[in-house]
Amino acid sequence: MRNPLSLRIFRRYAPTWRQFAMAAIPVTLQLAAQNVSALGSDTVFISGNGGITYDSNVFRVSSDLTPQQVEGFIGNSNKGDIIYNAGVGLSADVPYSRQRFQANLNVNDYRYSRFSNLDYVGGSGRAAWLWQVGDDWSGDVVYGLSRSLQSFNYFASTQRNVIDRQYFSFDPRYRIAPNWELQAGVNYSTVRNGLQSADINDFNQFGWDLGTRYITPSGNSVGVRVQSWSVRFPNIFPFQGAPFDNAYRDTRASTFFDWKFSGASTIDGSVGYKERRHENLPQRDFQGMTGSVGWTWTPSGKSSVRFVAARDIGGLEDIAVTYVRTYTLSAKPTYQLTGKVGLNGLAQYQDIHFLGNPGFGITTTASDRHDKLGTLGAGLSYQATRTLLFGLNYSWSQRTSNVQFGDFKDQLISLTGQLTF
């Protein structure tokens, strides 16, 4: 269905939530001076947050463009903008007998100083029932939704495209022995684009999985899993008088693991073989190894570093190519400077290759496009009181490309505050 009921409610009450978010900030700041505590004996929390962000290149415009060309594209010779946001949040984690109920909801109002056409109300919500029946049966039932602005990394437009996502999953587990369990699951998700010209990317996805996991007495685990996803696009794109249906099915067999080698070293991830088969466009089919491996090193109680290496397809959809293969390498260090001050960093490199040519004569993107994206970031957090948290973050990104005007540079600086009670 084009507009599910929950998404229509989200759109209908967006102005109300915006007013509520703006009004809640001063109220919660006033409560900070009081002896506030969590609702429901530390199981339910309400928070207010606000922030200001400077983005030096909102639309990810190429550095090779002249000021006149930039102004012709975005309507302004200045590529940067200051974004203000204010919001409220609610989180709950309520145990009841052998069950546990979790919920969180965050609503934020984003306002752009220069490019006000991008203003929007976004957020996310999640509800989960972590159930247990007897000693052998357990599992999760999860529903989530979110609303966010589409990234301009590969969206060559100055228009606002707000994307609504919904997700549902049911994942039962059965303990067949003290150290063995069977796993299964079904999930369904939808993506809807608010911009009409982008709704050809709307999709519905249904998936299932089966697997088994071995858990050691020390808590380490390793397992195998088979997964399958069926993806349908309800708004078929007409091309040269014929419908352009990109429906496909992904199937993946993999192993997954979470293993602590010592008190300072843990490795986790999933590696497997993936096949993508298109119902009408076999030129787009893919098969090969995908997955990610992470290593967390904690040399002391104050410091840690997480390294991740990944290879996958997808994440970017373009009708000119068969698939997009992405390699990712990242490192994320953290250091607790004092009891109240924490430091964090990010170094990430991505190799993004648009592979294959289905031969349709569509030239929106070069079928041999090859991009490289690097990101460096640093952040500082300050826990002023038990309920008041501040953050200061900086990131720098640069993309190089073998296609004209495919490069960009961008800097982000943000200051945020959150009060929880």
Side-chain angles (χ1 to χ4, degrees), residues 93 102 104 126 130 140 171 173 179-181 183 211-225 227 252-274 288-315 325-352 371-384 386 389-399 410-414 416 418:
D93 189 348
Q102 298 176 337
N104 63 72
R126 180 180 181 272
L130 284 60
D140 308 329
D171 300 300
R173 297 181 293 272
N179 301 106
W180 282 96
E181 71 177 16
Q183 299 180 339
T212 183
R213 182 174 70 138
Y214 174 74
I215 307 116
T216 70
S218 60
N220 296 324
S221 65
V222 62
V224 293
R225 178 185 295 133
Q227 300 165 282
R252 185 171 185 259
S254 63
T255 179
F256 58 94
F257 43 87
D258 188 345
W259 206 273
K260 191 170 186 176
F261 290 98
S262 67
S265 184
T266 301
I267 187 171
D268 62 87
S270 175
V271 178
Y273 184 82
K274 187 174 187 177
M289 298 296 295
T290 63
S292 66
V293 178
W295 172 40
T296 302
W297 180 46
T298 309
S300 70
K302 290 187 175 182
S303 60
S304 68
V305 185
R306 178 165 174 80
F307 302 93
V308 175
R311 181 183 193 263
D312 205 354
I313 64 168
R325 187 269 299 144
T326 302
Y327 289 115
T328 302
L329 297 172
S330 68
K332 297 181 179 180
T334 62
Y335 182 73
Q336 193 66 32
L337 188 63
T338 69
K340 292 187 174 184
V341 179
L343 305 175
N344 63 81
L346 169 66
Q348 180 172 280
Y349 171 79
Q350 289 185 300
D351 185 289
I352 305 168
D371 293 353
K372 297 177 181 180
L373 177 62
T375 303
L376 295 174
L380 180 148
S381 62
Y382 175 57
Q383 189 77 50
R386 184 176 63 88
L389 174 67
F390 292 99
L392 177 64
N393 293 277
Y394 170 81
S395 69
W396 171 88
S397 298
Q398 179 177 0
R399 185 177 71 196
D410 182 54
Q411 296 184 76
L412 287 170
I413 304 173
S414 63
T416 60
Q418 178 175 299

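Bear in mind that the values here come from a model prediction, so they are computed numbers and not experimental data. Position 1 is the first residue of the sequence, and the numbers go up from there. Computation of the quantities below employed the complete heavy-atom set of this structure, encompassing side-chain atoms and omitting hydrogens, waters and symmetry-equivalent molecules.
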_Check against side chain to side chain contact (heavy atoms under 4.5 Å, CB included), Asp312 and Thr326_ = CA-CA 6 Å; Asp312 205 354; Thr326 302; 5.7 Å; no

*Step by step, work out the side chain to side chain contact (heavy atoms under 4.5 Å, CB included) result for Phe261 and Asn220.*
CA-CA 9 Å; Phe261 290 98; Asn220 296 324; over 6 Å; no

Hey, is the main chain of [Y] close enough, under 3.5 Å, to the side chain of [X] for a donor-acceptor pair?
X	Y	answer
Ser254	Val271	no
Asn179	Ile215	yes
Arg225	Ser270	no

*Hey, is Asp410 close enough to Arg399 for a salt bridge, meaning N to O under 4.0 Å?*
no

*Heavy atoms from other residues, nucleotides or ligands near CH2 of Trp259 exceed 12 (cutoff 6.0 Å)*: yes

Roughly how far, to the nearest 0.5 Å, is [atom2] of [Y] from [atom1] of [X]?
X	Y	atom1	atom2	value
Lys302	Leu343	NZ	CG	11.0 Å
Tyr327	Leu329	OH	CG	10.5 Å
Lys372	Ile352	NZ	CD1	11.5 Å
Lys340	Arg386	NZ	CZ	12.5 Å
Thr290	Arg325	OG1	CZ	12.5 Å

Distance-only polar pair, side chains of [X] and [Y], donor-acceptor under 3.5 Å:
X	Y	result
Ser414	Thr416	no
Trp180	Thr212	no
Ser300	Ser303	yes

*Identify the residue among Thr334, Asp268, Thr266 that makes a side chain to side chain donor-acceptor pair (under 3.5 Å) with Arg306.*
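So, applying the side chain to side chain donor-acceptor pair (under 3.5 Å) to Arg306 and each of Thr334, Asp268, Thr266, only Asp268 qualifies.
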
*Could you check whether the rings of Tyr382 and Phe390 sit parallel, tilted or perpendicular, using 30° and 60° as the cut-offs?*
parallel

*Walk me through it: do Arg213 and Asp258 pass the test salt bridge (charged side-chain N to carboxylate O under 4.0 Å, His left out)?*
CA-CA 11 Å; Arg213 182 174 70 138; Asp258 188 345; over 6 Å; no

